[in-house]
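Note that the coordinates shown come from a computational prediction; the quantities given were computed from them, not determined experimentally. Residue numbers begin at 1 in each chain, while the letters A, B, ... track the order of the sequences.
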Amino acid sequence: MWKNIFDWLNERLGLNDLQKSLLERPEPKGNWWNTLGSASLFLFILQGLTGIFLTVYYTPSPDHAYDSVNYIMNDVAFGWLIRGIHHWGATLMVIVVFVHMLRVFVTASYKYPRELTWLIGVGLLIATLGMGFTGYLLPWNQRAFWATTVGTQIAGTVPFVGEFILKALRGGPDLSALTLQRFFAGHIWMLPAVLVGLIGVHLFLIIRHGESHWPKKED
Amino acid sequence: MNEETKKQINARYERELNKGEFFWPDSIFKDAVVSLGIFILLILLATFVGVAGEPKADPSDTSYLPRPEWYFLFLFKFLALYGQIPVVGKIEWLATVLVPSIAIGLLLFIPFVDKKQDRFYAKRALPLGIMFTMVVDIVILTLISDVPTVAADDATLFVKLSASLQPYAGLVIPGVVMALLFFLPRVYKDISWKSMTWLTGIGSFLMIGLTIAILTFAPKLESTETELASTLAEQIFAGQDLYSLHCVECHGDDGKVTVIEGVEGLEGKAISPINSRDVLYTVNDASMAEIIAYGRPDSGMNPFGRMYNPEGLSKGEIDYIVTFMRYMWDDRFEIPAEALKPLFPPLFEGEVPSYDVHIAPIVKRYCVSCHREGKESNNYWMDSYDNIINMGDNAPNIVAGDPNSYLLQVIQGHEIKDAKGEVIIGVMPPKSTLKPNVIDVFIRWIMAGMPRTAMDAAALYVQPTPAVTPTP
């Protein structure tokens, strides 16, 4: 019976072809350093899942954000675990993405034919840092509030357009309910959308060109 | 790049593929192991380290020292050090915009800047040297981010040294090393990759050495621990403590005062009892918090928010007070059982109370509101063990073993008069009387010689002689 179901699906989805092109593709001899990319992807998915759970209780308003986070930590079953994983996952993701980039640099994997993969990767790094910056404000505690005040101030020092950027980020001259709402929207909709798109292209390029081999004396 | 090189590169990669493995199951196995390790690490971190608590955001508290997320700390420190450079250091946007833009631009265009097709490390001394120096710089800037960039004029020599070494470790040495790495191969064409490695190594060694010096000489930071109430019961307790300190003087410990007595400037002012339904049903939490923060000038309510008074209450603290009032007096709210814990553990016969366990919470609830710095209270501050025993215009207010100690007399309703018959200490507390069991704690404590810790008190415990039952 299972064979019939598989055959039916295979006929329509082309599972055998997918298996050949995605899973059974040849690769150069593996290396543990080459796992950092997939680790970043794993962390991104984990952050996505825990983040979705957090939005069930989190309220992005200055009156309730702090208390809702408190509620998640104290009263929601395993809320502390979900938030703990999300919190530490952010830290780990920055480390893993950074080390992944260093590995690519050291093995010079950004050279022909993988230049575009690197460019997309830099985009992913910036988007990841953006996630860190926007997510930091959401608990609406002292640390978050003042770090964001200073962070947005720095953006405001850009010549000519600084004032505009500052107001666009904060939604006004000062940090307010609007800022929180904006950072929340950026954190759960805009930046993840950018990340998903870039990750898709990044993965496509990796499958297309294959993982680079570890450089030897002749390279 | 010409087609010939491209062909060579692709052929070389084909050779590696033939010697290689398959994505499934070889590579994906390693990926799965690493991801699983990361997942377990995250669960351990979440369980055993957790997320540190922080007070609620308070826009009026401008004294708060901002600190970004740790992975931005190096940028923060870079900006601070950059500000120390004469002349250009004052042009902020150079550091905040130009330098990061160049850095990101370089990062983006590395494939187009570094066009050679060499991939082996020995052929890439320049890019690897620059990368290594930058990574070391990022790490040390993160490490020294908490050390003050500018030392005060009266700081010790070591502290001044720890401040003045920072620009060398964070800017000068990495700058010089990177410039040398860049220009040396252009001057000496045949420089070997080993000399380049040595240069990078010495530079990093100097940077790390200076960092260790900076961290050893750095002034010890005072850690300011703020108490955080996370559970409802803790919030109610925190609110009660704050209420006892700031509100009791006018509103009384049960909030039912209708005419203020004995408070300078507000004497005889008629106020609404804040424990009444009138107040609690008509004012919601947000408005209540605003009344406490901004005050109500017409009805005598002073503003307590930090925007009016640097030593005032933070937003979080005001919220605790509101929570306390709701659960204590509002009959629509049910107080959680764990918040109903008594002020002090009840004494059994012969037990001696201690300052730590019994007196401190009592004094905090009923006395400190007036008996503290900045209040008219005969200079008797009851904020610490020593002050309670030694301070005050009429000291000593407490004499060990003396049942006629001033404090014992006034809490039992007897005024203290001087030789001319004038009252020098009135009845305490001025508007209410303490419960008999509270007075009993004071009597036992003073009669036993004011033990400070629970251990001291236990040593003074006298086994009550069992009543002799007459045998028939």
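Interface remark: of the candidates A:Val158, A:Val106, A:Asp75, A:Val106 forms the most heavy-atom pairs closer than 4.5 Å to chain B. Ranked by heavy-atom pairs under 4.5 Å with chain A, the list B:Lys123, B:Arg15, B:Lys19, B:Lys115 is led by B:Lys123. Among the candidates A:Leu36, A:Leu129, A:Thr148, A:Asp63, the residue making the largest number of heavy-atom pairs closer than 4.5 Å to chain B is A:Leu129. Ranked by non-hydrogen atom pairs under 4.5 Å with chain A, the options B:Thr47, B:Asp26, B:Ile43 are led by B:Thr47. Note: A:Leu102 leads A:Thr149, A:Asn34, A:Leu102 in heavy-atom pairs under 4.5 Å with chain B. When each of B:Tyr64, B:Tyr71, B:Trp93, B:Trp24 is scored by its heavy-atom pairs under 4.5 Å with chain A, the top score falls to B:Tyr64. Residue with the most contacts toward chain B among A:Tyr71, A:Trp140, A:Phe105: A:Phe105 (heavy-atom pairs, distance under 4.5 Å). Between chain A and the residues B:Phe22, B:Phe120, B:Phe132, the largest count of heavy-atom pairs under 4.5 Å involves B:Phe120. Contact tally against chain A (heavy-atom pairs below 4.5 Å) for B:Leu17, B:Leu65, B:Leu75: the top residue is B:Leu17. Comparing A:Leu175, A:Thr91, A:Val150 by heavy-atom pairs within less than 4.5 Å of chain B, the highest count is held by A:Thr91. Top candidate by heavy-atom pairs under 4.5 Å with chain A, chosen from B:Val97, B:Ile110, B:Thr5, is B:Ile110. Most heavy-atom pairs under 4.5 Å with chain B, from the set A:Tyr110, A:Phe133, A:Trp214: that is A:Tyr110.
Of all the heavy atoms in A:Glu115 and B:Pro111, the pair that sits closest is CG-CB, 3.5 Å. Of all heavy-atom pairs between B:Val135 and A:Phe98, the closest is CG2-CZ, 4.4 Å. The two residues B:Pro55 and A:Asn141 have their closest heavy-atom pair at O-CB, 3.1 Å. Here the shortest heavy-atom pairing between A:Ala147 and B:Arg67 reads CB-O, 3.4 Å. Of all heavy-atom pairs spanning B:Phe23 and A:Leu22, the tightest one is CD2-O, 3.4 Å. Taking both residues in full, the closest heavy atoms of B:Arg119 and A:Ala108 are given as NE-O, 3.4 Å, listed atom of the first, atom of the second, then distance.
No donor-acceptor pair under 3.5 Å is formed between the side chain of A:Trp80 and the backbone N or O of B:Ala46. Checking side-chain atoms of A:Glu27 against main-chain N and O of B:Ser27 turns up no donor-acceptor pair under 3.5 Å.
Proximity of A:Trp88 to B:Leu41: side-chain heavy atoms (C-beta onward) are nowhere separated by under 4.5 Å. Counting heavy atoms from C-beta outward, B:Glu69 and A:Val94 have side chains that stay 4.5 Å or more apart. The shortest side-chain heavy-atom distance between A:Tyr112 and B:Asn10 falls under the 4.5 Å cut-off. A:Met101 has its side chain out of reach of B:Met131: every pair of non-hydrogen atoms, C-beta onward, lies at least 4.5 Å apart.
Residue contact with chain A, scored on non-hydrogen atoms closer than 4.5 Å, involves the side chain of B:Gln235 exclusively. Interface residue A:Glu218: backbone and side-chain heavy atoms are both found under 4.5 Å from chain B. Looking at A:His213, both its backbone and its side chain come within 4.5 Å of chain B, counting heavy atoms on both sides. Contacts of A:Val69 with chain B are absent, with no heavy-atom separation under 4.5 Å from either backbone or side chain. Neither the backbone nor the side chain of B:Leu232 comes within contact range of chain A, judged by heavy atoms closer than 4.5 Å. Within the 4.5 angstrom heavy-atom criterion, atoms from both the backbone and the side chain of A:Ile154 approach chain B. Contacts between A:Ala39 and chain B at a heavy-atom distance below 4.5 Å involve backbone atoms as well as side-chain atoms. Contacts between A:Leu81 and chain B at a heavy-atom distance below 4.5 Å involve backbone atoms as well as side-chain atoms. Heavy atoms closer than 4.5 Å to chain A are found nowhere in B:Pro25, neither backbone nor side chain. A:His86 does not touch chain B: none of its heavy atoms, backbone or side chain, sits under 4.5 Å away.
Residue B:Thr231 holds its OG1 atom at 13.0 Å from CE of A:Met73, rounded to the nearest 0.5 Å. In this structure, A:Thr50 OG1 and B:Leu42 CG are separated by 9.0 Å, a value rounded to the nearest 0.5 Å. Within the model, atoms CD of B:Glu54 and CH2 of A:Trp146 stand 13.0 Å from one another, a figure rounded to the nearest 0.5 Å. Separation of atoms NZ (B:Lys56) and CZ (A:Phe145) is listed at 12.0 Å; rounding is to 0.5 Å. Within the model, atoms NZ of A:Lys111 and CG of B:Asp114 stand 3.5 Å from one another, a figure rounded to the nearest 0.5 Å. To the nearest 0.5 angstrom, A:Asp67 atom CG is 8.0 Å from B:Thr323 atom OG1.
Relative to the six-membered ring of B:Tyr13, A:Arg114 meets both conditions, a distance below 6.0 Å and an angle of at most 45° to the axis.
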Could you go through the side-chain contact (heavy atoms from CB on, under 4.5 Å) check for A:Leu119 and B:Leu108 one step at a time? CA-CA 6 Å; A:Leu119 280 181; B:Leu108 267 176; 3.5 Å; yes
Would you sort out whether A:Glu211 and B:Glu16 count as a side-chain contact (heavy atoms from CB on, under 4.5 Å), showing the intermediate values? CA-CA 11 Å; A:Glu211 254 176 28; B:Glu16 284 293 329; over 6 Å; no
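Ring pair A:Phe42/B:Phe39 is perpendicular by interplanar angle, where above 60° counts as perpendicular and below 30° as parallel.
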